[in-house]
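The figures that follow rest on heavy atoms only: side chains count, while hydrogens, waters and symmetry mates do not. Note that the numbering runs from 1 along the sequence shown for the chain.
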Amino acid sequence: MLYDIRKGARQYNISMGFDPAFAGKLSLGLLHLGYAMEAAAEAGVITYDFLAGSGQRTDYKRHLSQARRNLSCVQVLRGYLLPSLYRWRDRARHPHPPPG
C-alpha cells in the first residue's frame, strides 16, 4: 500500500506499508516506492517529498534523498499545569551547564 498526494510538480509520500510475511528477502516497500517515483517522474513530478521520519527497519529516506531540510515543531499549550510540566521535562532533558 502506498499513499501519496500530488500537488503540482511535487508529490508527498504520506504513508506506505506492506505485508512482511509475503516476501522475506525482498524489500517490497522499497521496490514499490521505486515504481511510484518512476511513475511520478513520468507524470511531470519534479520533487518527491518523503516528509519527516525514518523507515521502520532502515533510514531509506536518508539513502534515497538528494537534499535535506531542517524541520521545527511548535506546540502551543494552554493553562498552567501542562506548560509547566513540559518546561520541567525540557530542563530535565537539557540541563544548563554551570557558569564558568
Side-chain angles (χ1 to χ4, degrees):
M1 182 280 307
L2 184 96
Y3 179 59
D4 284 0
I5 293 177
R6 185 179 301 157
K7 174 73 173 150
R10 182 178 288 250
Q11 188 156 319
Y12 301 91
N13 179 238
I14 305 297
S15 183
M16 31 188 255
F18 64 96
D19 181 3
F22 182 75
K25 297 190 181 225
L26 179 65
S27 177
L28 292 179
L30 200 53
L31 184 64
H32 191 193
L33 181 62
Y35 281 120
M37 292 173 71
E38 183 178 39
E42 289 174 1
V45 170
I46 295 171
T47 303
Y48 194 93
D49 196 329
F50 294 123
L51 302 177
S54 60
Q56 191 173 24
R57 294 187 184 142
T58 64
D59 193 1
Y60 66 92
K61 294 176 183 183
R62 180 181 298 270
H63 298 296
L64 294 175
S65 64
Q66 295 176 341
R68 294 182 59 90
R69 284 182 272 158
N70 292 325
L71 301 174
S72 298
C73 179
V74 177
Q75 295 180 339
V76 178
L77 304 169
R78 295 176 51 159
Y80 175 76
L81 181 61
L82 200 52
S84 298
L85 290 173
Y86 269 84
R87 278 193 295 278
W88 177 81
R89 185 196 68 168
D90 287 343
R91 286 188 200 116
R93 284 184 175 177
H94 307 288
H96 297 288

### Message
With side chain to side chain contact (heavy atoms under 4.5 Å, CB included) as the criterion, how do Gln11 and Ile5 come out once you've worked through the C-alpha distance, each side chain's angles and the decisive distance to 0.1 Å?
### Response
CA-CA 6 Å; Gln11 188 156 319; Ile5 293 177; over 6 Å; no

### Message
Within the structure provided, determine whether Ile14 and Leu2 are in side-chain contact (heavy-atom separation under 4.5 Å).
### Response
no

### Query
Can you get from Met1 to Leu51 by hopping between Ile, Leu, Val, Met, Phe, Trp and Tyr side chains that sit under 4.5 Å apart?
yes

## Note on the structure
So the salt bridge (charged side-chain N to carboxylate O under 4.0 Å, His left out) pairs with at least one residue in residues 38-51 (sequence neighbours excluded) are Arg10-Asp49, Asp49-Arg69

### Message
If I compare all heavy atoms of Ala9 with all of Gly44, which pair ends up nearest, and what's the gap?
### Response
CB-O, 3.9 Å

If you look only at distance, which donor and acceptor atoms sit under 3.5 Å apart when one is on a side chain in residues 76-88 and the other is two or more places apart or in another chain?
unit_1: Ser84; atom_1: OG; unit_2: Tyr80; atom_2: O; d: 2.8

### Task
Report the residues that fulfil ring-ring contact (aromatic ring centres under 6.0 Å, His included) with Tyr12, sequence neighbours left out, ordered by chain and then residue number.
none

### Message
Once side-chain contact (heavy atoms from CB on, under 4.5 Å) is applied, do any residues pair with Met37, and if so which ones, sequence neighbours excluded?
### Response
Leu33, Tyr48, Phe50

